[in-house]
Amino acid sequence: MNYWLMKSEPDEVSVDDALAAPESTVPWTGVRNYQARNFMRDGMRVGDGVLFYHSSCAEPGIVGIARVASTAYPDPTQFDRKSPYHDPASKREEPRWLLVDVQVLKKTRNLTLPELRADPELQDLVVLRKGNRLSITPVEPRHWKRILKLLDVRA
DNA sequence: GCCAACGTTGGC
DNA sequence: GCCAACGTTGGC
């Protein structure tokens with residue numbers, strides 16, 4: 001089992017939005033970065049652990065525990081002309097962008113970015129690296145355990 | 001709104 | 001294949 005951190009802008013899809021969805025599950029639309037896409041396509045398995053992260057907001061941080069709920073499949077928004085995620089260069093026979101479904105298991109308190117940065121055991125968490133902009137990053141098991149502990153969530 | 005850092009594009 | 005210009009991300 002692998003672990004991941006996935007960023008979402010709460011203005012678009014917050015952890016509350018995801019919890020309110022059927023089965024607490026949302027399709028992770030809008031990833032338009034090849035490295036992040038490849039993580040979904042090649043790295044993710046159903047059941048993998050996910051840290052639900054709010055970005056581009058007043059208090060960025062980890063706000064929930066989730067799981068990967070599907071294998072990767074084509075992101076329909078790439079074919080939707082009205083979507084901000086429309087990609088005219090992507091063809092239906094050969095979709096460029098994929099997504100996975102993500103199921104929220106538990107909303108947590110906001111474990112904020114400053115708190116994450118302050119923790120000595122999380123110094124090399126990928127998402128904390130300088131200049132990191134990837135919306136999906138792998139999380140090492142020791143980091144996963146540490147974060148669950150900080151959130152007082154049992155594995 | 002600013003801007004550092006990074007990814008993508010396209011001319012050559 | 002190089003690299004300058006441009007676009008995007010995301011914290012502040």
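Remember, it's a predicted structure, so these values are computed and weren't measured experimentally. Within every chain, numbering begins at 1; the chains are lettered A, B, ... in the order of the sequence lines, protein sequences first and strands thereafter.
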In whole Å, I'd like the distance from the [atom1] atom of [X] to the [atom2] atom of [N].
X	N	atom1	atom2	answer
Arg129(A)	dG7(B)	CZ	C1'	17 Å
Arg37(A)	dT8(B)	CZ	P	10 Å
Leu5(A)	dG10(C)	CG	C1'	14 Å
Gln35(A)	dT8(B)	CD	C1'	14 Å
Arg117(A)	dG10(C)	CZ	C1'	11 Å
Asn38(A)	dG7(B)	CG	P	13 Å
Lys130(A)	dG10(C)	NZ	P	17 Å
Met6(A)	dG10(C)	CE	P	13 Å

Classify the side chain of Arg32(A) and the base of dT8(C) as holding, or not holding, a donor-acceptor pair under 3.5 Å.
no
From the options dG7(B), dG11(C), dG10(C), select the nucleotide whose nearest atom is closest to the side chain of Leu113(A).
dG11(C)
Between Arg142(A) and Glu140(A) (salt bridge meaning N to carboxylate O under 4.0 Å), is one present in this structure?
yes
For the backbone of Gly30(A) and the side chain of Asp75(A), can you confirm whether one donor and one acceptor N or O come within less than 3.5 Å of each other?
yes
Would you say the rings of Phe52(A) and Trp28(A) are close, in the sense that their centroids are separated by under 6.0 Å?
yes
Ring-plane angle category for Trp97(A) and Tyr34(A), please: parallel below 30°, perpendicular beyond 60°, tilted otherwise.
tilted
Looking at Tyr53(A), I'd like to know whether one of its side-chain N or O atoms comes within less than 4.0 Å of OP1 or OP2 on dG11(C).
yes
For dT9(C), does either OP1 or OP2 sit under 4.0 Å from a side-chain N or O belonging to Lys7(A)?
no
